[in-house]
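Everything on this sheet refers to the single structure shown next.
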Amino acid sequence: MSHTERRERLGELAPGRLEELDEEEEDDDQVLPDLPNVDDYDGIRMRVAPNPNGPWHIGHARMAAVVGTYKELYDGSFVCRFDDTDPETKRPDLDAYDAILDAIEYLDFEPDEVLKASDRVETYYEHAQELIDEGGAYTCSCPGEEFSNLKNAGEPCPHRGKDTEQIHEEFERMVDGEYGEGEMVLRVKTDIEHKNPALRDFVAFRIIETPHPRAEAADYRCWPMLDFQSGIDDHLTGVTHIIRGIDLQDSAKRQQFVYDYFGWEYPEVIHWGHVQVDAYDVPMSTSTIKQLIDDGELDGWDDPRAPTIASLRRRGIRGQAVVDAMTGLGLSTSNVDLAMSTVYANNRELIDEETDRAFLVRDDERAVEKSVIDGPEAGHPAVHPNHEDRGSREIPVETGVLVELGDLPPVGERVWLKGYGCVRHTDDGFEYTGDDLDVTREEGVDIVHWVPSDDNVDVRLRTIDGDISGYAEPGILDYDPDDLLQFERVGFVRIDSLPTEETGLVAYFTHP
RNA sequence: GCUCCGAUGGUGUAGUCCGGCCAAUCAUAUUGCCCUCUCACGGCAAUGACUUGGGUUCAAAUCCCAAUCGGAGCACCA
């Protein structure tokens, strides 16, 4: 049935429906879907809860980008809470706390409150004691495997029936550090026969003998598990909406037991899948990146080859470009692949108009030197092709020029040196022809970039695929670190440092 | 093994709740053309998707069932 036929048919069968559809012409062009049950809350409060075991990789930016955007959308607030309750397996990196806050700032968001779980251990203890009073927790000395077997069979362990006084006493001893690792844990009493084995009597506190790296928290040995700590904190900090990964899809159900004991209302929860990013050889994992840095494979967290926030920033990519790409991914529960080309497209849109142009002849393309015969003394390409008012550059020619091998025409053919003029490749070098620009259109003469063979600047261009060396036009020295440029026909770069006695100018490749 | 969850082009996404203006949106990507003293920007066009099979219905991307594929949890990690 054709579209028109369908419409006519619908008109016969349900005339009102057709009008309804016509009226539904809605208006929302929202960047993110509505949060659930927003009207049930006085204000929207969310949280970003990173583990500070390293600076952020690109995937981490998604949480800050989305939570920050919701904050703006609903005029709400968000907490940045460092969930640093494992000094052993996910040992916090003391530099990461600030690195993460910097990353959030780079994305142009500001947490309304910053908390560290390791500052709040006493609070967790208090709630544990309360939970014990409510009959919601018990100390358990089962070896892990033994408990696991019982749990999988749906059988309670012998410790489940202890009286409250003994539990208090043993928990007290856990806090006082009187047990070694693995000797005693505090479990939340859920439903040992729950059909989902993942929800049965989970651990709330365990002993870790390795001191916490933060001096303020170094004396604690009895640490809460994520599900306990996070559940308590979300309530205490007034969080209304939680976004978290599908790896934590059972957390809410686990924490619900604790909330029930306390008579609390559980916040709204959204789960989303994992993000993969294309374009990188390096896996997007904090521990892997850390290892590669330790091994010297990467220069640091901001190495252009690292899939990290620090790297994107150093390459001159705006936080806004990252945020736009992240919000574009939506909140799907399935795993998603972020194409870096999306980030690049967003960023190009942000920087193209304002970024000055320059020439870089890449040595990796095997620059070739040619003397220029009978030509003008200098070329004058535009600073920006779409903005004549920004003037033109002056590039001296003197004895000759460098061009990339791939741009060198066969002997006897012409090429147009951009901003300079047309030359013919002869046995003697480049002979200036004086041709009009029309030859580039009418006779197919290619327009190429070039630099003076004498007066140029050594450049090391750091890219996602490794370093490239080359020679830039002299005017590049007028720029400062952190300035952006577009090397014409190469791509955008951020100037990282000016030349020194030992090294040339260092630039980071942004994107084509 | 037990328990959850998901599936729209190369990628992401809208539409799914409440079946009908879906002949499926937008972006990105790729390709071609135009513009251009850049392979940038801009303009135009092309490419390309409802996992499969049943069922309900006048009508299914949308509801139901099954299969397939994929993801996640069952840690004294977060």
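Convention: sequence-line order gives letters A, B, ...; per-chain numbering from 1.
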When you compare B/G10 with B/U30, how far apart are their C1' atoms, in angstrom units rounded to a whole number? 9 Å

Can you tell me, in whole Å, how much space there is between the C1' of B/U51 and that of B/A61? 12 Å

In Watson-Crick or G-U wobble terms, with both distances under 3.5 Å, the base opposite B/U28 is B/G10

Taking only Lys NZ, Arg NE, NH1 and NH2, and the carboxylate oxygens of Asp or Glu, determine whether A/Arg424 and A/Glu413 approach each other closer than 4.0 Å. no

Protein-to-nucleotide contact annotation, 5' to 3' order, nucleotides 35-46 of chain B [B base; S sugar-phosphate only; - none; under 4.0 Å, heavy atom]: --BBBBB-----

Would A/Arg187 and A/Phe147 count as a cation-pi pair here, with the cationic atom under 6.0 angstrom from the ring centre and within 45° of the axis? yes

Is there a Watson-Crick or G-U wobble partner for B/C33 with both distances under 3.5 Å, and if so, which one is it? B/G43

Give the rounded distance in Å between these two atoms: CG of A/Asp34 and C1' of B/A14. 14 Å

Can you confirm if the NZ or CZ of A/Arg244 lies within 45° of the ring axis of A/Trp272 and under 6.0 Å from the centre of its six-membered ring? no

What distance, rounded to whole Å, do you find between the two P atoms, one in B/G54 and one in B/G12? 28 Å

Would you classify A/Ser332 as touching base, sugar-phosphate or nothing, given that sugar-phosphate means primed atoms plus P, OP1 and OP2, and contacts are heavy atoms under 4.0 Å? sugar-phosphate

Taking side chain to side chain donor-acceptor pair (under 3.5 Å) as the definition, give me every residue that meets it alongside A/Glu170, ordered by chain and number, with sequence neighbours left out. A/Thr139, A/Lys162, A/Gln166

What integer distance in Å separates A/His271:NE2 from B/G6:P? 12 Å

With a 4.0 Å cut-off on N to O distance, would you call A/Arg489 and A/Asp407 a salt bridge? yes

Tell me the partner of B/G53, counting only Watson-Crick (N1-N3 plus N6-O4 or O6-N4) or G-U wobble (N1-O2 and O6-N3) with both under 3.5 Å; none if nothing fits. B/C65

Which word best sums up how the rings of A/Phe359 and A/Trp450 line up, parallel for under 30°, tilted for 30 to 60°, or perpendicular for over 60°? tilted

So A/Tyr344 and A/His511, would you call those rings parallel, tilted or perpendicular, with 30° and 60° as cut-offs? tilted

Distance under 6.0 Å and angle within 45° of ring axis: A/Lys189 vs A/Phe257: no

Whole-Å distance, A/Asp191 CG to B/U3 P, equals 14 Å

Using a 4.0 Å cut-off on protein heavy atoms (strictly under), produce a 5'-to-3' string for nucleotides 72-78 of chain B with B for base contact, S for backbone-only sugar-phosphate contact, and - for none. BBBSBBB

Length of the line joining A/Asn346:CG and B/U13:C1', which is rounded to integer Å: 13 Å

With C1' as the reference atom in both, quote the distance from B/G48 to B/U8 in angstrom, rounded to an integer. 12 Å

Return the nucleotide paired to B/C18: Watson-Crick means purine N1 to pyrimidine N3 with N6-O4 or O6-N4, wobble means G-U with N1-O2 and O6-N3, both under 3.5 Å. none

Between A/Arg91 and A/Asp93 (salt bridge meaning N to carboxylate O under 4.0 Å), is one present in this structure? no

Pairing partner of B/U38 (Watson-Crick or G-U wobble, both distances under 3.5 Å): none

Using the C1' atom in both, what is the distance from B/G71 to B/U31, to the nearest Å? 34 Å

Ion pair present between A/Asp83 and A/Arg120, side-chain N to carboxylate O less than 4.0 angstrom? no

Please measure how far the P atom in B/C50 lies from the corresponding atom in B/A23, and state the result in whole Å. 14 Å

Who is the Watson-Crick or G-U wobble partner of B/C4, with both distances under 3.5 Å? B/G71

Give me the distance, rounded to whole Å, that separates B/U25 from B/G9 when you measure between the P atoms they each carry. 14 Å

Distance between the P atoms of B/C18 and B/C63, in whole angstroms? 8 Å

Give none if B/A23 has no partner; otherwise give the nucleotide forming a Watson-Crick or G-U wobble pair with it, both distances under 3.5 Å. none

Do the numbers put A/Arg315 on top of the ring of A/Phe492, so that NZ or CZ is under 6.0 Å from the six-membered ring centre and no more than 45° off the axis? no

Nearest whole angstrom, please: distance from the C1' of B/U28 to the CG of A/Asp278. 11 Å

